[in-house]
Amino acid sequence: MAIPTNIKTLLFGNVVEWARIEFKETWNAESSLKTVCAFANDIDNWGGGYIVIGVKEQNGKPLHPLQGVPPEKIDGYLKDMLNKCKRIRPEYMPIVEVADYEGKKFIVIWAPGGSARPYSSPKTMAKDTKERVCYIRKMSSTVSPSEEELRDLYNLANNIPFDDRINHEADLADLNITLIKSYLKEIGSTLYAESDRMDFSDLCRSMNIISVLPEYTKPKNVGLMFFNMEPDRFFPYAQIDVVEFLDDSGDRIREKIFKGPLHQQLREALQYIKNSVLQEQVIKIDGVAEAQRFFNYPYAAIEEALSNAIYHKGYNEREPIEVRVEKDRIIIISHPGADRSISSENLKNFRVYNRRYRNRRIGEFLKEMHLTEGRNTGFLKIRNALRNNGSPEPLFETDDARTYFSTTLYLHPHFHALDTIDGIFDNLGEVEKAVYREMKASPELSAAKIAERINVSKPTVERARKRLKQINLISHSGSKKSGEWIVK
């Protein structure tokens with residue numbers, strides 16, 4: 001059975017954090033079983049972890065050249081794993097795959113966070129050993145828990161994250177095979193090649209998006225969020241609302257709503273913002289060869305802020321994620337607020353170290369698709385993007401009751417292209433002005449029709465449109481054939 005990622009991703013640690021991967025030269029039942037147990041307990045809701053056998057390590061990183069597992073030893077290792085994993089209590093079985101990379105074989109053990117925590121394994125492999133320990137992960141080490149951490153484990157048993165819960169109102173048929181295969185192909189999982197030959201329920205079970213009990217096959221919430229075309233049927237208002245305030249009075253508002261699988265709505269909302277909201281300013285300074293370039297808002301900051309909103313939203317709350325585009329700022333609001341371990345003072349000082357994650361499984365999928373960063377790095381990425389663009393510092397806010405969380409990104413202080421349409425218009429050429437006037441009067445006109453009206457060629461009109469789009473006087477929504485032009 002295959003794992004829902006690929007061996008190259010694990011060896012280079014560019015998606016899964018190193019703390020969630022352990023490398024071992026050979027199969028060692030005693031130490032490996034403890035690590036499987038620790039990943040299953042998943043005390044920090046990281047989503048479990050992986051053990052890669054056949055790799056020497058140094059300081060938690062793989063040593064090259066890679067060693068691999070001798071082919072003649074693989075069958076014996078797998079049989080021993082099966083027997084030893086039966087000693088974990090309550091019953092827990094990781095997913096194991098033999099993977100090929102650079103002409104060598106490796107055994108990859110995927111141990112996702114279990115739903116029956118806490119799990120324990122024997123302290124030693126001796127036959128008469130009765131002592132059991134509920135091992136946990138601390139940073140990149142497997143350790144015995146303290147009394148407080150053991151209490152945390154028992155509390156977690158009654159607090160399964162919402163995205164990892166079974167949805168009793170849905171059926172296996174609500175999961176879309178096309179969406180699943182598209183995801184597996186995108187991340188390079190070996191499951192993609194096997195998906196056509198596998199039983200559908202086995203495929204879903206391999207991805208840990210359905211219940212593990214064969215007599216009760218139901219999707220988990222995370223499966224419906226990513227692999228159902230209409231997740232809002234199960235989670236009302238699981239959507240992104242982009243609201244643009246086109247004047248100071250608030251009388252002119254343009255609203256765009258994005259629904260569908262979480263990764264799809266995120267990508268579509270980001271593309272819309274990139275096309276309709278973001279602008280580049282170029283300032284030529286006398287005596288300086290290179291012009292100064294900056295954006296009203298850096299795309300990387302918006303991408304990370306909106307991805308974080310998707311990651312941390314409470315999907316059992318009937319509130320959308322709202323992106324408010326105002327004259328001098330963009331505000332991204334989600335519900336509920338930050339975890340109570342994060343104080344308002346820490347938010348103001350950008351010291352954010354979240355121990356608990358509301359949606360550990362959503363985070364897994366977003367990171368596999370490179371749509372969000374690793375743990376506790378999102379705030380840093382937002383600040384760095386703003387600083388590199390010369391933008392003001394962001395503002396992160398939540399209330400005392402933790403009912404909302406907002407990220408505010410402020411307009412670049414030297415950006416003035418949106419101050420007045422007239423100011424932009426004065427800098428246009430005569431053809432660009434004429435094209436703009438025709439489109440303002442009749443946005444549905446084709447380039448050929450506009451060319452006929454103002455007595456220029458069609459390519460000239462298309463070049464003028466491209467320029468108008470660059471400075472955000474116009475934008476295009478939808479496909480090239482059936483979409484529409486939006487004229488400011």
Side-chain angles (χ1 to χ4, degrees), residues 241-258 268-286 290-299 302 323-331 389-391 409-488:
D241 295 356
V242 179
V243 185
E244 298 175 77
F245 296 86
L246 304 178
D247 58 27
D248 292 334
S249 66
D251 294 332
R252 294 179 61 223
I253 296 176
R254 181 164 63 221
E255 184 177 41
K256 188 80 171 176
I257 297 175
F258 298 90
E268 290 177 356
L270 287 170
Q271 189 63 48
Y272 176 82
I273 293 169
K274 189 175 185 178
N275 292 342
S276 301
V277 177
L278 302 191
Q279 300 177 70
E280 185 180 21
Q281 184 88 55
V282 181
I283 299 177
K284 184 69 176 74
I285 303 172
D286 291 339
E290 190 172 342
Q292 184 180 359
R293 294 174 176 270
F294 51 83
F295 288 84
N296 51 352
Y297 306 96
Y299 176 77
I302 293 173
V323 182
R324 297 172 59 89
V325 183
E326 300 182 0
K327 183 178 179 181
D328 63 346
R329 69 195 64 190
I330 292 177
I331 308 171
N389 190 58
S391 300
L409 309 177
Y410 295 99
L411 183 73
H412 191 288
H414 297 148
F415 196 93
H416 54 77
L418 283 179
D419 285 352
T420 62
I421 292 294
D422 292 339
I424 308 172
F425 203 72
D426 290 341
N427 294 319
L428 295 178
E430 291 305 317
V431 173
E432 292 164 346
K433 289 179 181 178
V435 171
Y436 175 79
R437 291 190 191 100
E438 293 295 333
M439 294 186 69
K440 184 72 173 176
S442 305
E444 74 281 358
L445 287 178
S446 66
K449 192 66 177 177
I450 294 174
E452 181 184 330
R453 289 192 176 194
I454 64 176
N455 196 29
V456 297
S457 67
K458 180 182 174 183
T460 299
V461 172
E462 290 172 339
R463 285 195 297 272
R465 273 183 170 176
K466 184 176 180 180
R467 171 62 179 154
L468 294 171
K469 188 176 179 182
Q470 285 175 340
I471 61 176
N472 209 37
L473 275 180
I474 64 174
S475 60
H476 192 267
S477 177
S479 66
K480 289 185 178 180
K481 290 186 178 181
S482 60
E484 60 179 356
W485 287 101
I486 301 168
V487 184
K488 295 186 177 180

Just how far is it from atom CD1 of Ile486 to atom CZ of Arg254, taken to the nearest 0.5 Å? 4.5 Å
Could you check Val277, Val242, Leu411 and say which one makes a side chain to side chain contact (heavy atoms under 4.5 Å, CB included) with Ile330? Val277
Could you go through Val461 and Glu438, starting from their C-alpha distance and side-chain angles, then the distance that decides it, and tell me whether this counts as side-chain contact (heavy atoms from CB on, under 4.5 Å)? CA-CA 11 Å; Val461 172; Glu438 293 295 333; over 6 Å; no
Taking all non-hydrogen atoms of both residues into account, name the closest pair between Glu244 and Ser276 and its distance. OE1-O, 4.1 Å
Does the plane of the ring in His412 sit parallel, tilted or perpendicular to the ring in Phe294? Use 30° and 60° as the thresholds. parallel
Closest heavy-atom pair and its distance - Leu270, Tyr299: CB-OH, 3.6 Å
Quick check for you: to the nearest 0.5 Å, what is the distance between Leu445 atom CG and Ile450 atom CD1? 5.0 Å
Heavy atoms of Arg465 and Ser446 approach each other most closely as NH2-C, 3.9 Å
Nearest-0.5 Å distance that lies between atom CG in Asn296 and atom OH in Tyr410: 15.5 Å
Inter-residue atom distance Glu444.CD - Met439.CE, 0.5 Å rounding: 10.0 Å
From Lys449 NZ over to Ile454 CD1, what is the distance, rounded to the nearest 0.5 angstrom? 13.0 Å
Glu255 and Asp241, any side-chain heavy atoms less than 4.5 Å apart: yes
Shortest non-hydrogen contact from Ala448 to Lys458? N-CG, 4.2 Å
Heavy-atom closest pair, residues Pro413 and Gly390: CD-O, 3.7 Å
Do Tyr297 and Leu278 have side-chain heavy atoms sitting under 4.5 Å apart? yes
Value rounded to 0.5 Å, distance of CD in Glu280 from CZ in Phe295: 4.0 Å
Looking only at heavy atoms, which two atoms of His414 and Gln281 are closest? And how far apart? O-OE1, 4.5 Å
